[in-house]
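These values consider heavy atoms only, across backbone and side chains, with no hydrogens, waters or symmetry-generated copies. Lettering of chains follows the sequences in order, A, B, ..., and the numbering in each one begins at 1.
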Amino acid sequence: MSNAQIEIQLIASLVAIACAIPGTFLVLRKMALITDAISHSILPGIVIGFFITHDLSSPLLIIMAAASGVLTVVLVEFIQKTGLVKEDTAIGLVFPALFSIGIILIAKNANDVHLDIDAVLLGELAFAPFDRLILGGMDIGPKSLWIIGTILLITLGLLVTFFKELKVSTFDAGLASALGLSPVVMHYGLMTVSSITTVGAFDAVGAILVIALMIAPAATAYLLTNDLKKMLLLAILFGVGSAISGYWVAHGLDASISGSMTTVLGLLFLLVYLFAPNKGLFSVLYRQKRQRIEVSLLTFLLHLGNHSDDETERHVKHLNEHINWQKVKARSVLDLALKNNMIIIDNDIVFLTQKGKIFTSEAIDYIITNKNSEIENMKDRFFLFRG
Amino acid sequence: MENKIAVQIDDLTVAYNYKPVLWDIDLAIPEGVLMAIVGPNGAGKSTLIKSILDIINPIAGSVQIYGKPYKKQRSLVAYVPQKGSVDWDFPTTALDVVMMGTYGSLGWIKRPGQKEKKASLEALEKVGMLAFKNRQISQLSGGQQQRIFLARALVQNAAIYFMDEPFQGVDATTEKAIINILKELRKAGKTVIVVHHDLQTVPEYFDWVTFLNVKKIATGPVKDIFNDDNLTKTYGINYKVSVQQ
Amino acid sequence: MNLQEYIELVFTDYTLRTITLGTAVLGAICGMLGSFAVLRKQSLLGDAISHAALPGIAIAFLIIGTKNSSIFLLGALISGLIGTFWIRGITKNTHLKSDTALGLILSLFFGFGMLLLTYIQKMPNANQAGLESYLFGQAATLLESDVWLMVIVTSISLVILLLFWKELKILLFDADYTKTLGFNTRFLDILITSFIVIAIVLGLQTVGVVLMSAMLLAPAAAARQWTNSLSIMVILAAIFGALSGVVGTAISASHNNLSTGPVIVLVAGVFVLFSFIFSPGRGLLFREIRFRKNRNDLQLHKTLSFMYNIAKTHEDIAHPHTIKILNNFQGFTRKSLQKLEDKDYVTIQGNMWSMTKSGYHTAANLYDQLTKENNE
């Protein structure tokens, strides 16, 4: 590995970490799309900043761009408050307008601005190592490494300092304001950090990958855990992992680095989406199928209990004709009940066993008092075989 | 004098995400009653109506409207959803919303004509909203919006009316107006089924009541079964309502 | 070039005529179908779909190896639909919310598309030039056949809209109720969603992946402000969309280095801004005027009822009082007193005021009026 290659991977990894942290909170706060808006609408800020400084990595540029990111948030919220359109429409109106202004500014000044529209969308990670930061005649590394490193340090500092506050205000806004934590301050703080991170990352990886790096690792992690700390760690891990492997995919295909990083993120999400232990598609479908049979079983037992004095209602044939099972075969429900010793069948008439009676009456109590989790515990206690 | 059965529900079980919301409900609603469905929050009251109307698919059980499945008896049934379930900023007028009640009998593609318009205007008049026929629906008060919904159901000219919390967020005048219309419907031999929250008004408004909390607790004439015993069974706590009869 | 010359050019120049027609038709269909997207609260779905279409275009090119915009459209349509249904799958089967699902599909599909695009760029294939234009759109690449395709799709969707107008309208307003009436809401839902996806895909070549969603939303959002009728809203949105297309094309054609897509989006944005501010019913300007007027009336009424309470204490209602006592009352100003005098509610003599009969009467009725309004 050459020096430049190591530097590129280092920058990509730092960007991934810096994005994953605010991204986790945005996903949890259901504000993922605001990153879409910010990443597009900082473009005019960057262009105007560039006109003033003529230096793509000047701090003023970052401040201008971050300001236009925050402006987007304010503008979206203002339009939402007028009630003229729904909130999603407000987002959808603001960022294309600002992005268009940015593109037109670039196009009109193509001769002065060395900003390429492709670079806006995709970034120029491959060239990042060539733009060095020279301090006192000494080469101390690529400029973008310093920029994103600084942003990451600030983000980490804020995260550690305000972790408790962020956690409370994310999961319980009401409690947060009762504790004296202003939700407004938290909201705009997060928005500012997101804007600054977006700007810092924008230069390296482009507008679209910023969205992917903010949302995808956090969303993937959210499918694996509900614990905030674990979610943050996983999101960082996924971000860095796809940054490095994405780089090598791009190297192999001789294609865009940020494009392949996103693709790796996409494949990772697809894998987790399908196979995650509890929340993945397959396990959800499997659990649904099992629960469908188990709910039918509960219904069936309850029905037997309700009609303990009426033999016609408990005749095996009645199951098919009268109860009108949908989606579940009566036979499999009956088998499950028999296997678990909940019923006995005598002369085609179904009887509840003592165990079946206890199970049913406990289940009703739990359902009426809305203790759904207790039902799962109860199933563990009573069932020899699951559905 | 027991009448015909308007709605017959057998062994109905409904679950959201496979958590039971309604469990093995057997219920027969006689023709011509004005019935309240009462129960605590989350008891499955709206779900019961929605599964009768085939909006939600049950896991098991069957529903019959005058002896046939709902799909064959649509024209006999009218529905007033919860007011909060729609976007009142939708660009349309009061008369337009009421006209929607005629869409079912029109079927696919055919447009409402003069006949439908006349019926809608009559319904608007009945609920005292004729003066507001061209008003944008977002400019109506909560009570007026509820009256529009009622008018839409009236236009359906059905035999059975299902209403989901028609008194929520309406003013006293509207509440009186609505209950008068419901009583008129009952007099005309229609069956009216209402999800209701205010236990105090049950004896005054209704003649039939069903207590529901996931399971059916009790059903029957208000004067026979609307008592502290059933209320306690339904709401779990020791419930005392001064029942004025 | 002045306006007249430009209009002449539109009729004589083949390319310009094609582009103008194309963007106008595109604007119209987007406005029409966008109205439905906006009212269904699916505004950002358009953004996700347009981004999700990119890998489809790239894969279509990889398969056929030449530029062929109809095949590209097909590829875009397929991958757009896959994106749409995956979004639904994510929100249905996991606890991820719709905003996360939209953002995921949008960025992941687009990133994958960019990977393919950069990969294609490196291929020794001269035909690849056209692909880049799908990012920001290049109206100049529109051919007459593309315009014909747009016209045909627009006509079909117009016929569908007219046929199922009643059903779509009630579905948008109250889906559950629609189901109880016996309409197949699933069919209607798929119908309208598919046409929205088709409209988006059609616009990619002209407006581009990145800005396509605005083309869908902006005309509809502007039209909504001017009317309270769905049919007029759809027609207005179509007109706004078509105008944005024509004007945007004109502006970009008469300047160098201006790609059509962003200009059209900005023109549509101007329509929105204008509508937000100046629409008579909902616009911010008139709302502010009404608000101020109401506030002034309220201040006046407050002062009047304060004076009424003082005047009531005397048997003779016209008994003069000093103006000083009013100073304790918040909201009282010289100006409001002057206004009350103008309305002939009070008379002022030096430092004293006294109530007139009509003033007394109005004030007495104020309370009744207020309670009445509250009851409505």
Count the heavy-atom pairs under 4.5 Å between each of [options] and chain A, then report the option with the highest count.
options: C:M215, C:R224, C:H255, C:R287; answer: C:R287
options: C:A220, C:G111, C:G103; answer: C:G111
options: C:L45, C:I90, C:L284; answer: C:I90
options: C:V263, C:L116, C:L211; answer: C:L211
options: C:I264, C:V210, C:V272; answer: C:V210

Using non-hydrogen atoms only, which part of [X] is less than 4.5 Å away from chain C: side chain, backbone, both, or neither?
X: A:K86; value: side chain
X: A:T82; value: both
X: A:M261; value: neither
X: A:V284; value: side chain
X: A:I34; value: neither
X: A:N278; value: neither
X: A:D88; value: both
X: A:F269; value: side chain

Item checked: C:L96, part contacting chain A, at a heavy-atom distance under 4.5 Å ->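 Just the side chain, heavy atoms under 4.5 Å.
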Margin query: So for C:I105, is it side chain, backbone, both, or neither that comes closer than 4.5 Å to the heavy atoms of chain A?
Written below: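 Interface part for C:I105: neither.
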Item checked: Approximate separation, where rounding is to 0.5 Å, of C:L266 CG and A:I104 CD1 ->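 Output value for this atom pair is 4.5 Å.
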Notebook entry, point to check: Checking side-chain contact (heavy atoms from CB on, under 4.5 Å) for the pair A:F95/C:D47: CA distance, chi angles, key distance, verdict?
Noted result: CA-CA 11 Å; A:F95 81 82; C:D47 197 31; 3.3 Å; yes
Next item on the list: Answer yes or no: is there a side-chain heavy-atom contact under 4.5 Å between C:L104 and A:Y273?
Entry: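 No - every pair of side-chain heavy atoms lies 4.5 Å or more apart.
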Check: Going by heavy atoms in the side chains, are C:F109 and A:T262 under 4.5 Å from each other?
Finding: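 C:F109 vs A:T262: side chains apart.
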Please find the pair of heavy atoms, one from [X] and one from [Y], that lie closest to each other, and give the distance.
X: C:L217; Y: A:G92; value: CD1-CA, 3.5 Å
X: C:S259; Y: A:I103; value: OG-CG2, 4.3 Å
X: A:S100; Y: C:V265; value: OG-CG1, 3.4 Å
X: C:L115; Y: A:S260; value: CD1-CB, 3.4 Å

Checklist line | Aromatic plane relationship, C:H51 with A:H40 - under 30° parallel, 30 to 60° tilted, over 60° perpendicular | finding: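 Rings of A:H40 and C:H51: perpendicular, as their planes differ by over 60°.
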Atom [atom1] of residue position [X] - does it have more than 12 heavy atoms of other residues, nucleotides or ligands inside 6.0 Å?
X: C:F291; atom1: CZ; value: no
X: C:R292; atom1: CZ; value: no
X: A:F78; atom1: CZ; value: no

Checklist line | side-chain contact (heavy atoms from CB on, under 4.5 Å) between C:F112 and A:L267, intermediate numbers included | finding: CA-CA 10 Å; C:F112 179 52; A:L267 290 175; over 6 Å; no
Sort out for me which of [options] touches chain C most, counting heavy-atom pairs under 4.5 Å.
options: A:L265, A:L84, A:L33; answer: A:L84
options: A:L26, A:V210, A:D254; answer: A:D254
options: A:L223, A:V85, A:I79; answer: A:L223
options: A:L281, A:I91, A:L93; answer: A:L93

Note to self: Does anything in residues 93-107 of chain C form a side chain to side chain donor-acceptor pair (under 3.5 Å)? List the pairs, not counting sequence neighbours.
What the structure shows: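 For residues 93-107 of chain C: none.
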Note to self: Testing the 3.5 Å rule here: is there a donor-acceptor pair between the side chains of C:T118 and A:S256?
What the structure shows: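 A:S256 and C:T118 do not have a side-chain donor-acceptor pair below 3.5 Å.
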